[in-house]
Amino acid sequence: MAKTPKDGGHDHSEDHGHDHSAAPMVDEISDFEILELAVRELAIEKGLFTAEDHRAFSEWNDARSPAAGARMVAKAWTDPAYRARVFADPLAASKEVGVDWSEPSGFGTTSDYMHLTVLEDTPTLHHVIVCTLCSCYPRPLLGHSPYWYRAPNYRRRIVRWPREVLAEFGLIIPPEVELRVEDSNAKSRFMVLPVRPEGTEGWTEEQLAEIVTRDCMIGIALPKPGRTTDGPRPIHKASRPVHSGGRPREAAQ
Amino acid sequence: MNSESDGIQEQTEGQYVDLRRIALLESIRNEDQTWEKLAPRWCVTNPEPPWKVCLDATCDCLSAGGALDNLERRHAEDELEAVYSAIPNPERQLLTLAHIMLSRGLLTEEELARQISTVRARLEAL
């Protein structure tokens, strides 16, 4: 797993949230960097939010990664009492691995409602999560959702053809295994607790957490010894333009 | 600027956002400066540009303050997917946010153009 700097930016071997090692800098000011700053500064100038609010949310965003969810899964694999708490009171169990869902505002963020359900995979039951409405995702535990998860193509198809879509991700679910797709709604978040794989007997929590990647907790991959990163995933375009359907067309006027 | 070219978008009015192209944002669609291009050019391995965290925070702040609800923004992002399909993320997410804010009157094109000039002058001062 040697990491070289000239890898085209696609070596995620240490990048599912466990490491923030120093890297070379981009010494070039891009139009996008300027646009981000301009939008933010104007919004502050107009009083849409304060610089202090922005600092608080930036720090919160920066601290998010799938490493927290991985710690939760690894601990549940090794500690039966904790495992029971994960299902009985997921928010309290999150706190035990350092994640407080009420941050940064005292009542969470406006898109991370404090209602979490952890889905227990078994040898005969597999879960995968989606948000058909938009892109609801357990950000406090998994960090930001990948773009393919947000894309209408995934959201539309995973609920219709889950086995086929999982196969596209390289995950073949045998026909005898039941497959459940959990659709997040505006107030509910889900995370998958996968089955602990064979070959990990005697491993420490830290070793186990290494193989619990973001994709395993979404349900499009399974943990296994030696697999510590999620590869790049294709983002398919939707075949038709999006009509969100969130409110009647006549209400738009 | 490129409004006559790529990605023919016949529908001009979405349910959540005006889909017409915005000249100022069209002028910023510099594909050579997306993180996908910049990162390998500078041997940087971070999968996201440093400003992505700030962009997400801006979205959170706008929603928390009531100016732009996250769910409405996501619906509008979906509708704008075809308009900005040539641009990868997170640049598309940024252009889309600016587009939504402009089309909803939270910012004007003139204000944004002026602020872009101000920021550019500041960042390029040294």
Inset, instruction - Could you grab the distance from atom SG of B:C54 to atom CZ of A:F57, nearest 0.5 Å is fine? - result: 13.5 Å

Legend entry - Part of B:P50 lying under 4.5 Å from any heavy atom of chain A: neither

Inset, instruction - Using distance alone, with no hydrogens and no angle criterion, decide if A:S135 and B:R74 have a side-chain donor and acceptor under 3.5 Å apart. - result: yes

Inset, instruction - Compare every heavy atom of B:R114 with every heavy atom of A:L42, then report the nearest pair and how far apart it is. - result: CD2-NH2, 4.4 Å

Inset, instruction - Tell me, for A:Y147 versus chain B, whether the close heavy atoms (under 4.5 Å) come from the side chain, the backbone, both or neither. - result: side chain

Inset, instruction - May I ask you to check whether over 12 heavy atoms, not counting those of A:K46, lie within 6.0 Å of atom NZ? - result: yes

Inset, instruction - Can you tell which part of A:R150 gets under 4.5 Å to a heavy atom of chain B, answering side chain, backbone, both or neither? - result: both

Inset, instruction - Nearest 0.5 Å please: distance from the CZ atom of A:F49 over to the CG atom of B:D60. - result: 10.0 Å

Legend entry - Over all atoms of both residues, closest heavy-atom pair of B:I116 and A:A38: CG1-CB, 3.7 Å

Inset, instruction - Can you measure from CD (B:E81) to CG (A:N153) and round to the nearest 0.5 angstrom? - result: 8.5 Å

Legend entry - Closest non-hydrogen atom pair, B:A98 against A:V39: CB-CG2, 4.2 Å

Inset, instruction - With a 4.5 Å cut-off on heavy-atom pairs, point out which of B:E111, B:Q33, B:E91 contacts chain A the most. - result: B:Q33

Inset, instruction - Check step by step if side-chain contact (heavy atoms from CB on, under 4.5 Å) holds for A:L35 and B:L112. - result: CA-CA 8 Å; A:L35 178 61; B:L112 185 56; 4.1 Å; yes

Legend entry - Electrostatic pair A:D31-B:R120, nearest N-O below 4.0 angstrom: yes

Inset, instruction - Could you tell me which non-hydrogen atom of B:V53 sits nearest to which non-hydrogen atom of A:S58, and how far apart they are? - result: CG1-O, 3.3 Å

Legend entry - Which atoms of B:S117 approach chain A - backbone, side chain, both or neither, heavy atom under 4.5 Å: neither

Legend entry - Heavy-atom side-chain proximity of B:M101 to A:L48 below 4.5 angstrom: yes

Legend entry - A:R155 bridged to B:D78 by N-O distance under 4.0 Å: yes

Legend entry - Electrostatic pair A:E36:B:K52 at N-O distance under 4.0 angstrom: no

Inset, instruction - With a 4.5 angstrom heavy-atom cut-off, could you sort out which part of A:E45 is near chain B: side chain, backbone, both or neither? - result: side chain

Legend entry - Atom pair CD (A:E33) and CG (B:L123), whose distance is rounded to the nearest 0.5 Å: 6.0 Å

Legend entry - Residue part contacting chain A, namely of B:R92, when any heavy atom lies under 4.5 Å: neither

Legend entry - Between CG on residue B:L71 and SG on residue A:C136, distance to nearest 0.5 Å: 7.0 Å

Legend entry - Step-by-step side-chain contact (heavy atoms from CB on, under 4.5 Å) determination, B:V44 to A:M25: CA-CA 6 Å; B:V44 170; A:M25 298 288 288; 5.6 Å; no

Inset, instruction - Heavy-atom pairs under 4.5 Å with chain A are the metric here; pick the option from B:W42, B:W35, B:W51 that has the most. - result: B:W42

Legend entry - Side chain to side chain, B:R122 and A:L37, heavy atoms closer than 4.5 Å: yes

Inset, instruction - Drop me the distance from B:D56's CG to A:W60's CH2, to the nearest 0.5 angstrom. - result: 9.0 Å

Legend entry - Residue among B:T34, B:L80, B:L97 with most heavy-atom pairs under 4.5 Å to chain A: B:T34

Inset, instruction - Could you pull out all residues at least two apart from A:W148 that satisfy ring-ring contact (aromatic ring centres under 6.0 Å, His included)? - result: A:Y154, A:F169

Inset, instruction - Taking B:H75 for its side chain and A:C134 for its backbone only, find out whether a donor-acceptor pair lies under 3.5 Å. - result: no

Legend entry - Proximal component of B:E48, with respect to chain A [non-hydrogen, under 4.5 Å]: side chain

